[in-house]
Every structure is written in C-alpha cells, then in structure tokens.
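What follows is a short report on a single structure.
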Amino acid sequence: MNYFSYLRQKILEVLLKLEKDEVIPKGLNHSHITVEFPRDPKHGDLSTNAALVLAKLAKLKPSDLAGLIIEHLTLLPEVNDAEAAGPGFINIRLSSNFWWDRLREIVADGTNYGNSDIGRGIPVNIEYVSANPTGPLHVGHARGAVIGDALASILSKAGYNVTKEYYINDAGTQVDVLARSLYLRYQECHGAKIEQMPDGLYPGSYLVDIAKLLKEKDGDKWMSASEKEWLAPFRKFAIDAMMDLIREDLDLLGVRHDHFSSERIMVEKGRVNEVVKFLEGQGLTYTGILEAPKGKKLDDWEERPQTLFRSTQFGDDIDRPIKKSDGNWTYFASDMAYHLDKFKRGFFEMIDIMGADHGGYIKRMDAAVNALTQGQGSLDVKLCHMVNLMENGKSIKMSKRSGAFTKLRDVLDLVGKDVVRFIMLTRKNDAPLDFDLRKVMEKSRDNPVYYVQYSHARCHSVLRHAKEVFEKLELTPDAIEKAPLELLSDSGELLLIKQMAAWPRTLENAAEAREPHRIAYYLIELSGTFHALWTKGAKEDTSLRFVTDNNKPLTLARLVLVGALASVIASGLQVIGVEPVKEMK
RNA sequence: GGCCCCGUAGCUCAGCUGGAUAGAGCAUCGGAUUUCUAAUCCGACGGUCACAGGUUCGAAUCCUGUCGGGGUCACCA
C-alpha cells in the first residue's frame, strides 16, 4: 500500500470528525492537504500541512488547529506520536509495528509490491520510437525507446491499460528515396559501378545486404525495368527489411511494441480524406497563403495558396498546411488521421514520445486532437532531448553522412542493454543527456547501473551465505510468518524498511507525473541506504551483520529484510527493463 | 523575430507538482579492507537556487519582465 495516501485518508477522517463536532466548518477544500517526508528525518516519519492549509478557512490559528488534529491522530494504533512544529506542520511518528507490517507486506507481495490501481484500467496509448524506416536505429533513438518503454511499464503497474505503439512513416517521399537508394545497390549487385552515392540518397551499407537479398529473390528481373515499374516493389521490400532491422535493434534493447501502425495503409484506406472532410464540415479548413517564416532564410520561398487547418482556433500560433503543392497530403494531415484512428480505437489518453527537434509540432498536434475528438481526447507529448554521445569527455558527432554515425547496435554490443537503459533514465526527459561510453563501463560508484545491480547482487550473496552457515534455513512463507521482526530495531534497518515502503508511492508519483527517471533515482537512493547498513555491520558494529552465526532468529529476521529489499529492487529494475542480477561478474 | 526547453555547490545533476535549516555523485582533503563480494562505506570543504519584480502564512518550484545557453520555425518526415 501507499502509506502516504493511507495516512492522508486517516487525516481526512479526523477532519470529518472535527466537522461533525462543529469544531471546524463543513465543506472545506481538502485538495491542498499533503502528506510527505519531512525534510529532516528528526521531524518524524511523516509530515502534513493540513492545519496550515485549513487554518484560515476554519478561522483558527494553525497551531491550535494542529493541536485538535493531533488529539485524534494519536488515538490511531499506527501513530506513535504527533506534534505541531514550525509554522503549523504536524509531524507524525509511526509505530515500529506499522513498519514491520510493511515488511511483511513486501515479502508477501513479492515483485507485485507497488502495483496500484490509480489507473483504474483506463486505456492509454503510448507511441514511441517511430523512427523512419530508412536505416538502423542510432543512440538518440534509444532514449525515446527507453523512456517510452519504461513509462509504459510504470503506467501498466499503476493500473492503466497500456498499448505500446509504433507509427511507421512509410508514405512520404523519404521512402521513395530509400527505394531509389536500394535500386542503385541492386544495380551494383549486378556489376554496375557506383563511384559515389548521389546527393540525397542513403549511402548506408545496410542497403547493400538488402540488395543482395533482393537479388537472390528476383534475380535480374528489375535491371531493365523502368522506375515506374520497380519503384513500388523496391519501396515495399526496403521498408519491410528496414522494419525488420529496427525490430531487431529494439529487441536487443528489450523493447517490444504491441502494435505497429502504417502511415501508408492509413492513406490508402482514405483515412486522411475522411479527416479533411470532417474538418471541412466543421469549417476548420480554408485556402490561404502563409507568410514566409522569419529568422530563417529560404531562397526558394514562394507564396502559394494552400489548404490550411485553423489550428489557431485551438491555441496554435499559425494555421497549418495539410496539402502539399504537389497535391499530396502533408505529414501533418496523415498524422491527424493517425491520432483520430487511435481515438476511435478507444484511446482517450494518448502519449507521444518525440525528439526535442519536434518541439514545434506539439501545439498543432494538440490542436488537431482537440478539434478531431471535440475535446474528448487528450494528447500528452513528452519531448526527449539530445543524447550527447561521448568518449572520455569528447563528443562523438552523430550523423548519417559521416562514418562516425553511431548505430545503437554498436553501442549495445559495447556496453550492454542494461547500461543503456539505466543511463537513459538518469536524467529527466526534457534535459540533454551526456552518454560517455568510457564512464558507463566503469565499475564504480560513478556508475549508477553497477551501483544498483551490486546492491541486488549483495542481497543474494547474503542469502547464499546464510544457507551455508545455517543448514535448513529456508525462507518459506511459514518461516517468514514466524520471523521475529521486532528484532529489527536498529535505525539503519528501520530506515531501509521505510524507504522500501515508499516504493508504492514512488511508482504512483512516477505514473502521475509520467516521469520514468524517478524510478532510477529511487533505486540509487535505496541502494545507498543498503550499502551503508551493510558496511555499518561489516565494520563499525558487527552485531549488525545480517548473518549472525550464533543467533538464528535474528538472522532469520534480517534475511526477511534482505529478501524484501532484493524483491523491491528487482521490481524497480524490472519496471525500467534492467536485469536484476544475482551475482556480479 | 515567434514558439518550446534549460539556468540549483568548481563539474554532472536531483529536488516528491507551494512547505521547515536547498540535497546527491564527481572533484579536493582526511579516514575505514584478516569482508555476509571494497564494484562499498564514513567525515570535511563547498550555494545570493541567473537577475529583478509580483502572487501568500510560505517560492528553487506559480505569474510578468530582463539576461545567458540549446532546439525549432511553408512545401520534408
């Protein structure tokens, strides 16, 4: 359980009682009442601002109101004592029994501990990666992939009904370029010489392999064909091969989508036409001429009438074109159709994970969702900032042109999936992230991946060691039930329990704020508390050792503690897709 | 020029959606190793939360403006 919301509920009950007794007026707004960690642990386990928030409305002094609340709070069995402090906070100390009960709860729930139902089964669609099918993934894509995937797990654990989706941009001119690039490689396979890849085509060597496959399949059947004939089949072959490649990359990263949507199919089914017709019916389109953008020099700028969407009616800065000069729909138009499609599939809540370079796109997409769903659908766009790939403090430039183009697969080979996933979450998504290849491989305190994995491995090391010392020591449900947890009274031990007990709240907060990085930070902190307790037992006070040779009951209680910790860490790592290893190699 | 993001310790960053004396890691300095795996721990040093106003019991957090850094700005996707 989330003990913060549990205690908050208890406080609200006290307030109702006070209302009933006509000590305070009825119908006060409780929404600003919070229950949280006091900044200073000396202030107790929990702190609430209830008296501060309500004092004015109740026409009482904060300290007086606090006194009234405290009177009732101290009657609760889980509350040891409560006192007013500072400008009117109420500091609450919970009983040790309460904490030992939390420990039992953790062990009983295993990695399900922290599951929540705040999502109430609401369907949420989260779209991420959606990289163009024109080449393998690079490191920048990995950030969106990891953030999206972790967020999906978090929301799912918090009780939402999550669908993970990938939108394949297989309809624009870029995929024609891809087809042409493939055709050149195909010709090359049949002996033609390519001095240099023409400008604008994709030079990547991955197309060479695909051309070979195509040669095996079709032989020289396309060599004398006209572009009109080969373009479509080459495009399809290339896109399929690229998507296979991308799926392989994602698989290596441990990312799996539930659903792949194709832009091309969307267009072919006439979905874009439907959307535009709908907007026309609403009077939300018109033919107009946009002004040239300021601050950006465009040599080939020419004024031209375009079909525009009145996105300004929904908060956008300018109206946006939905039809290109060649008569095709813009990318924006098909993206509108795609989001409407998601909505029609039952997703009122949509999340898009995009790169920071798409920042300017949010307002128009938000406007579109608003217009198309008549305000019923909501779109939350999470922007992922740049990944600055480095080696020993020096930036490695990422570009498809230069040879230094850094493929995700190469980085995964080098450092492994766990490192990539964890490091991507060590910064909030809207800040740039440094990813230093050398640093993330270090096995030291600097490297949070190892720090956290080590704490998990250490737990298992303790459990293994205990089995050697005590024969027939099994953590069976019965043994756990009977374990004398009241022996866990050291401040370090209690602190560890308290932090573990905060896991459900951390998870719920991460889900509500949609901020996966909070999980990573929580795990680092929790690991730190454990390492400290471990060293305290190893050095300062050997009576704190988890495995105490001549004291089986005490050892048993501590093994419950260590086992619980292992399961909370494992649960946290699972949520962000990192392997909870039992041994460090 | 418009829009979006960022500005917190020498460096890299957290800060639980407005709470009490602003926290970690790195770096620097000083300690702990016959280990339940030191891939770890303990201590010291270090801040005008960019700046100026405003909102209120209370601001790193919300609002306005200024400065600085990054991204982005028809037809591409």
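Reminder, nothing fancy here: chain letters follow the sequence lines and each chain counts from 1.
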The side chain of A:A85 is closest to which nucleotide in this list: B:A77, B:C36, B:A20? B:A20

For B:G7, the Watson-Crick or wobble partner whose two distances fall under 3.5 Å: B:C67

Taking atom P of B:A39 as reference, at what distance in whole Å does atom CZ of A:F422 sit? 19 Å

Side-chain-base donor-acceptor pair under 3.5 Å for A:T535 and B:A32: no

Measure the distance between the ring centre of A:W301 and the centre of the six-membered base ring of B:A74, then answer whether it is under 5.5 Å with planes under 30°. no

Residues A:K536 and A:D490 bridged, charged N to O under 4.0 Å: yes

So, A:N91 side chain and A:G44 main chain: donor-acceptor pair closer than 3.5 Å or not? no

Between B:A74, B:C36, B:G19, spot the one nearest the side chain of A:R39, thanks. B:G19

Nucleotide of B:A74, B:C76, B:G19 approaching A:P293 most closely (side-chain heavy atoms): B:A74

Is the phosphate of B:G15 approached by A:H517 (side-chain N or O, under 4.0 Å from OP1 or OP2)? yes

Rounded to whole angstroms, how far apart are OH on A:Y331 and C1' on B:C75? 16 Å

Look at all strands and tell whether A:D430 reaches a base, only sugar-phosphate, or nothing, counting heavy atoms closer than 4.0 Å. sugar-phosphate

Quick one: label A:A502 by what it contacts on the DNA or RNA (base, sugar-phosphate, nothing), any heavy atom closer than 4.0 Å. nothing

CG of A:D446 versus P of B:C11: gap in Å, rounded? 17 Å

Backbone N or O of A:P321 within a donor-acceptor pair of the A:T330 side chain at under 3.5 Å? yes

Considering every strand and a 4.0 Å limit on heavy-atom distances, what is the contact class for A:Y361: base, sugar-phosphate, or nothing? base

According to a strict under-4.0 Å criterion, is A:K363 in side-chain N/O contact with OP1 or OP2 of B:C73? no

Any side-chain N or O of A:Y451 below 4.0 angstrom from OP1/OP2 of B:C41? yes

Classify the nucleic acid contact of A:G537 as base, sugar-phosphate or nothing, counting any heavy atom under 4.0 Å across all strands shown. base

Find the distance A:F530:CZ to B:A39:P and express it as a whole number of Å. 15 Å

Side-chain contact check for A:R518: nearest option of B:A14, B:U17, B:A20 is B:U17

Ring centroids of A:H32 and B:G18 base under 5.5 Å with planes under 30°: no

Side chain of A:E263 (C-beta onward), nearest among B:C36, B:U33, B:A77: B:A77

Among the candidates B:A39, B:C36, B:C13, find the nucleotide nearest to the side-chain atoms of A:Y521. B:C13

Sugar-phosphate only, base, or nothing, as touched by A:I362 at under 4.0 Å among non-hydrogen atoms: nothing

Using a heavy-atom cut-off of 4.0 Å across all strands, would you classify A:F89 as base, sugar-phosphate, or nothing? base

At under 4.0 Å between heavy atoms, what does A:A55 touch on the DNA or RNA strands: base, sugar-phosphate, or nothing? nothing

Please determine whether any donor N or O and acceptor N or O are separated by less than 3.5 Å between the side chain of A:N91 and the base of B:A20. yes

Let's see if you can work this out: which of B:C57, B:C13, B:C73 has an atom nearest to the side-chain heavy atoms of A:R427? B:C13

Tell me what A:Q306 touches on the nucleic acid: a base, only sugar-phosphate, or nothing, going by heavy atoms under 4.0 Å. sugar-phosphate

What is the distance from CZ of A:R505 to C1' of B:U17, rounded to the nearest Å? 11 Å

Using a 6.0 Å cut-off, check whether atom NE2 of A:H30 has over 12 heavy atoms from anything other than its own residue. yes

Counting any heavy atom closer than 4.0 Å, what does A:R304 reach on the DNA or RNA strands: base, sugar-phosphate only, or nothing? base

Check for me: is A:W534 stacked on B:C36 by the 5.5 Å centroid and 30° plane-angle rule? yes

Check the distance between B:C26's P and A:D436's CG and give it to me in whole angstrom. 16 Å

Please state whether the phosphate of B:G15, meaning OP1 or OP2, lies under 4.0 angstrom from any side-chain nitrogen or oxygen of A:K428. yes

Please classify the nucleic acid contact of A:S47 as base, sugar-phosphate, or nothing, using heavy-atom distances under 4.0 Å. base

Any Lys/Arg nitrogen of A:E127 or A:K342 sitting under 4.0 Å from an Asp/Glu carboxylate oxygen of the other? yes

Heavy atoms under 4.0 Å, any strand shown: does A:A356 hit a base, just sugar-phosphate, or nothing? sugar-phosphate

Where the side chain of A:N49 is concerned, which of B:G19, B:A39, B:C3 is the nearest nucleotide? B:G19

Between B:C42 (P) and A:L533 (CG): distance, integer Å: 11 Å

Give one of base, sugar-phosphate or nothing for A:K536, where a contact means two heavy atoms less than 4.0 Å apart. nothing

Are A:Y451 and A:F422 close enough that their ring centers fall under 6.0 Å? no

Roughly, in whole Å, what's the span from CE in A:M354 to C1' in B:G71? 13 Å

B:U40 phosphate, OP1 or OP2, under 4.0 Å from A:R445 side-chain N/O: no

Options B:A20, B:C41, B:C75, nucleotide nearest the side-chain atoms of A:A532: B:C41

